[in-house]
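Note that the structure is predicted; figures quoted are calculated from it, not measured. Order of listing sets the numbers, starting from 1, for every ligand and every atom in it.
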Amino acid sequence: MAIEFTKYHGLGNDFILIDNRSSFEPVVTPEQAIELCDRHFGIGADGVIFALPGENGTDYTMRIFNSDGSEPEMCGNGIRCLAGFLADLEGESRNQDSYRIHTLGGVMTPQLLSDGQVKVDMGLPRLLASEIPTNLTPAQEKVISQPLEVAGQTWEVTCVNMGNPHCITFVEDVAAIELESIGPKFEHHPVFPQRINTEFIQVVRRDYLKMRVWERGAGITLACGTGACASLVAGVLTGKCDRTAIVELPGGPLQIEWSEIDQRVYMTGPAQKVFTGKL
Ligand SMILES: N[C@@H](CCC[C@H](N)C(=O)O)C(=O)O
């Protein structure tokens with residue numbers, strides 16, 4: 001059976017999008033996703049995203065496999081790409097600018113803006129150790145500026161769940177971080193039972209942060225939307241940044257706001273279609 005796909009990226013965080021609207025189960029297995037994501041022997045991507053029928057009264061469901069075949073709960077750059085993909089699929093029959101999307105990390109609402117960008121209501125950040133999850137502090141406490149031993153060094157970390165788990169460390173210079181060697185050690189640290197996404201943040205100004213990321217299940221990527229949101233929340237919790245800031249990633253900037261009014265996090269950024277194909 002031939003399967004059509006569309007390749008998208010959000011700031012270089014790239015995905016294979018599949019129209020899965022006629023079934024509640026992904027038409028590609030995690031093992032096949034690993035092969036498709038391979039940059040030498042496959043299409044090449046950080047993950048495979050499926051547009052499935054909506055659940056619990058939502059318009060659609062998003063599921064995603066990382067390039068290692070694991071299934072994360074949520075993907076920020078991916079959900080912007082999904083919104084662009086859905087708008088394309090609906091074509092002339094489209095009658096809405098925003099979609100309510102069911103994900104394993106909760107309901108998210110991407111909105112297509114007139115300038116081509118996508119703004120996503122990413123929901124409320126979850127901060128308790130049990131919600132990350134981590135056993136770094138007692139279950140009902142937040143994990144803010146806690147010491148964590150990784151690779152013989154003590155790092156001061158703050159943890160935030162944005163549907164998926166993140167561990168954030170503020171550093172003087174993100175360029176000096178040896179991401180390839182330190183990233184996997186954070187990801188597989190025993191204090192994180194479901195592994196972790198790891199962000200290193202340099203505060204250039206209170207409204208401008210530089211970020212590099214090691215993603216759970218995907219390694220170094222050019223951008224991570226949930227990671228940018230989690231990092232801004234961590235910056236506010238530690239008093240290092242404002243509630244609205246630009247987070248500059250290797251693939252480009254995202255605008256992030258942690259609203260004082262409704263306490264929800266909003267992310268605005270691009271979603272770019274690259275090409276279509278058939279498997
Ligand atoms: N790149 C994504 C996050 C994808 C999922 C992540 N690798 C995980 O396992 O949680 C984003 O833009 O948020």
*Applying side-chain contact (heavy atoms from CB on, under 4.5 Å), name anything that partners Ser145, two or more places apart in sequence or on another chain.*
Glu156, Thr158, Thr238

*Side-chain donor or acceptor of Asp242 paired with backbone N/O of Thr244 under 3.5 Å*: no

Nitrogen or oxygen contacts under 3.5 Å, ligand 1 side and protein side:
unit_1	atom_1	unit_2	atom_2	d
ligand 1	1 (N)	Asn13	OD1	2.7
ligand 1	1 (N)	Glu215	OE1	3.1
ligand 1	1 (N)	Glu215	OE2	2.7
ligand 1	7 (N)	Asn66	OD1	3.1
ligand 1	7 (N)	Glu215	OE1	2.8
ligand 1	7 (N)	Arg216	O	2.8
ligand 1	9 (O)	Asn66	ND2	3.0
ligand 1	9 (O)	Arg216	O	3.2
ligand 1	9 (O)	Arg216	NE	2.9
ligand 1	9 (O)	Arg216	NH2	3.4
ligand 1	10 (O)	Asn164	ND2	3.0
ligand 1	10 (O)	Asn197	ND2	2.8
ligand 1	10 (O)	Arg216	NE	3.4
ligand 1	10 (O)	Arg216	NH2	3.0
ligand 1	12 (O)	Asn13	OD1	3.3
ligand 1	12 (O)	Gly76	N	3.4
ligand 1	12 (O)	Asn77	N	2.9
ligand 1	12 (O)	Asn77	ND2	3.2
ligand 1	12 (O)	Gly225	N	2.6
ligand 1	13 (O)	Gly76	N	2.7
ligand 1	13 (O)	Gly225	N	3.4
ligand 1	13 (O)	Thr226	N	2.9
ligand 1	13 (O)	Thr226	OG1	2.6

*Looking only at atom types and distance, does a side-chain atom of Asn20 sit under 3.5 Å from a main-chain N or O of Leu52, one as donor and one as acceptor?*
no

*Is any NZ, NE, NH1 or NH2 atom of the basic residue among Arg63 and Glu71 found under 4.0 Å from an Asp or Glu carboxylate oxygen of the other?*
yes

*Name of the residue among Arg100, His102, Gln96 meeting side chain to side chain donor-acceptor pair (under 3.5 Å) with Asp59*: Gln96

*Thinking salt bridges, do Arg264 and Asp121 make one under a 4.0 Å N-O criterion?*
yes

